[in-house]
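In this text, all values refer to a predicted model and were calculated from it rather than measured experimentally. Atom set for the values below is all heavy atoms of this structure, side chains included, hydrogens, waters and symmetry mates excluded.
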Amino acid sequence: MNKGEPELKAAVDNALTAMEKSGELDTIFNKWLGNDSIYKLTRSFKVVPVAQLDTSTKQ
């Protein structure tokens, strides 16, 4: 995604947020990396738009 494409960024953010809320991202993670895969990893993170991240820890 190129800088200066706010409509595309908003569309991607909205799609990822909807997938997170619906549980679809958990399903995808489990299939490829989680309990349904050979790796058996645990998902310990959630997808959020960059604008919502806490920037107070960045240097």
Side-chain angles (χ1 to χ4, degrees):
M1 175 180 333
N2 294 323
K3 286 187 177 185
E5 295 188 46
E7 293 161 354
L8 177 59
K9 181 185 176 302
V12 170
D13 284 348
N14 291 337
L16 289 172
T17 299
M19 291 172 72
E20 184 71 77
K21 286 181 181 177
S22 73
E24 188 174 354
L25 289 181
D26 284 326
T27 301
I28 293 167
F29 182 91
N30 285 332
K31 177 179 180 179
W32 295 104
L33 299 171
N35 290 333
D36 298 341
S37 74
I38 61 172
Y39 304 106
K40 310 293 186 213
L41 299 176
T42 301
R43 184 171 185 240
S44 60
F45 61 89
K46 295 292 180 186
V47 173
V48 296
V50 173
Q52 290 181 9
L53 296 176
D54 180 12
T55 59
S56 64
T57 57
K58 291 183 179 179
Q59 296 180 358

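By the 4.5 Å heavy-atom criterion applied to side chains, Thr27 and Lys31 are not counted as neighbours.
Of all heavy-atom pairs spanning Lys40 and Asn35, the tightest one is NZ-O, 2.8 Å. Among all heavy-atom pairs drawn from Leu16 and Leu25, the shortest one is O-CD1, 3.9 Å.
The hydrophobic clustering, which links ILVMFWY residues whose side-chain heavy atoms are closer than 4.5 Å, places Leu53 and Val47 apart. Transitive grouping of hydrophobic side chains (ILVMFWY, heavy atoms separated by less than 4.5 Å) brings Tyr39 and Phe29 into a common cluster. Put simply, Met19 and Val48 are part of two different groups of oily side chains (I, L, V, M, F, W, Y) that touch within less than 4.5 Å, one to the next.
Under the salt bridge (Lys or Arg N to Asp or Glu O under 4.0 Å) criterion, Lys9 pairs with Asp13, not counting sequence neighbours. By the side chain to side chain contact (heavy atoms under 4.5 Å, CB included) test, Glu7 pairs with no residue at all, sequence neighbours left out. In this structure Glu20 satisfies the salt bridge (Lys or Arg N to Asp or Glu O under 4.0 Å) test together with Arg43, Lys46, sequence neighbours excluded.
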